[in-house]
S.K.: 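Sharing a structure below in structure tokens format, with a few things to ask.
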2 protein chains.
Amino acid sequence: MPGIDEKDKEILRILRKEGRITLTELGRRVKLSPASVKNRVEKLEKLGAIKGYSAIIDPAFLDEFVQVLFELKLSIDDKNVDVILRRIAKLENVQALYRRSGEKQILIRASFHNTDEVKEFAGMLKKHFGKNLERVEVTLIIDTFKECWVANE
Amino acid sequence: MPGIDEKDKEILRILRKEGRITLTELGRRVKLSPASVKNRVEKLEKLGAIKGYSAIIDPAFLDEFVQVLFELKLSIDDKNVDVILRRIAKLENVQALYRRSGEKQILIRASFHNTDEVKEFAGMLKKHFGKNLERVEVTLIIDTFKECWVANE
DNA sequence: GCTGAAATTCTGGAGTG
DNA sequence: CACTCCAGAATTTCAGC
């Protein structure tokens, strides 16, 4: 990676686990002034090293009682699919969306208030991908031990 | 959820997508004073509604070029397994760890510098679970469209 | 990358309904 | 009890070096 030194990496590692740490404290940790840290963080945001910041929320507090994983098998996976995936990624329900190796090449993690919403979401997937969608596997998340580098207790 | 009103939920929804938003701006959005918002956020942290905060980092900038999903099939899944899972969740490599329905009941997402580290991690899993571990399926993440509610561009 | 001053935000206590 | 207001503390920001 160009223009990234060990201190930048240290900043990234810290921010990943403590996203709301203060710039002053961050500076203390990596031995830089608050202003310098700010410059580096802004540089890292510009470069795309930092995509954004998120609070890890227990979905139950938002009445999202159904956490679901969708695994999709597509018969074709081209640029066209990319456009659809990008659109699906934008949906409020969707927490994560990956393309991966293996038979079921798309993995989606999403949150729902109830099972009707799950059905609706599955229907939406079918509509978007059409005949291209060979198989959908749905599993429920029972326990979350860690998420976004933040462990549960 | 007890003692959670619509404004609390709105705060959670905003923090999920903008983890580093200022309390003042957050107050403007939900129409509360900064002090009140702070009280609520602290309450939500105490209650466990907010588990933590995280920056979404492009792993390539940390030389983590190998993103992997492990799906484990365990023959027994009891309290003992919980202890092991909690220990695995603590590992630096591990970004996410879920228990889910279906045959392969454990899903782990982890980051590595190279494939040797993946092999090492797989060996560690075998050692921890022993005969209890019936099957491990490993897939590589090729593309991340969204993560922790933050979409890629 | 540092410094220092100004602007903004955060924090904790007293007061209000 | 949750909210507001307000003053002091801390942080962030922005200039110049």
S.K.: Got a sec, which residues hit ring-ring contact (aromatic ring centres under 6.0 Å, His included) with B:Phe70, two or more places apart in sequence or on another chain?
M.R.: B:Phe121
S.K.: Is there any salt bridge (Lys or Arg N to Asp or Glu O under 4.0 Å) pair reaching into residues 87-97 of chain B, and which pairs are they, with sequence neighbours excluded?
M.R.: A:Lys17-B:Glu92
S.K.: Can you pull out every disulfide (SG to SG under 2.5 Å) where at least one residue sits in residues 53-122 of chain A? Sequence neighbours excluded, please.
M.R.: none
S.K.: Near DNA chain D, which residues from residues 8-31 of chain B have a heavy atom under 4.0 Å away?
M.R.: none
S.K.: What pairs of residues pass the disulfide (SG to SG under 2.5 Å) test when at least one of them lies in residues 46-106 of chain A, not counting sequence neighbours?
M.R.: none
S.K.: If you group Ile, Leu, Val, Met, Phe, Trp and Tyr whenever their side-chain heavy atoms sit less than 4.5 Å apart, what else falls in with A:Val83?
M.R.: none
S.K.: Report all side-chain donor-acceptor pairs from residues 60-67 of chain A shorter than 3.5 Å, counting only partners two or more places apart or in another chain.
M.R.:
| from | atom 1 | to | atom 2 | distance (Å) |
| --- | --- | --- | --- | --- |
| A:Asp63 | OD2 | B:Lys9 | NZ | 2.6 |
| A:Glu64 | OE1 | A:Ser111 | OG | 3.3 |
| A:Glu64 | OE1 | B:Arg16 | NH1 | 3.2 |
| A:Glu64 | OE1 | B:Arg16 | NH2 | 3.4 |
| A:Glu64 | OE2 | B:Arg16 | NH2 | 2.8 |
| A:Gln67 | OE1 | A:Arg109 | NH1 | 3.0 |
| A:Gln67 | OE1 | A:Ser111 | OG | 2.8 |
| A:Gln67 | NE2 | A:Glu64 | O | 2.9 |
| A:Gln67 | NE2 | A:Ser111 | OG | 3.2 |

S.K.: Below 4.0 angstrom, which residues in residues 33-41 of chain A have at least one non-hydrogen atom near DNA chain C?
M.R.: A:Ser33, A:Ala35, A:Ser36, A:Arg40
S.K.: Could A:Arg40 and A:Glu10 be called an ion pair, given the rule that one side-chain N must be under 4.0 Å from one carboxylate O?
M.R.: no
S.K.: Starting from B:Trp149, walk the hydrophobic network (Ile, Leu, Val, Met, Phe, Trp, Tyr; side-chain heavy atoms closer than 4.5 Å) and list everyone else you reach, by chain and number.
M.R.: none
S.K.: Below 4.0 Å from chain A heavy atoms, what is the first contacting nucleotide of DNA chain C and what is the last?
M.R.: C:dG1 to C:dT3
S.K.: Please, which pairs that meet disulfide (SG to SG under 2.5 Å) have at least one residue in residues 74-151 of chain A, sequence neighbours excluded?
M.R.: A:Cys148-B:Cys148
S.K.: For residues 27-58 of chain A, which residue pairs qualify under disulfide (SG to SG under 2.5 Å), counting only residues two or more places apart or in two chains?
M.R.: none
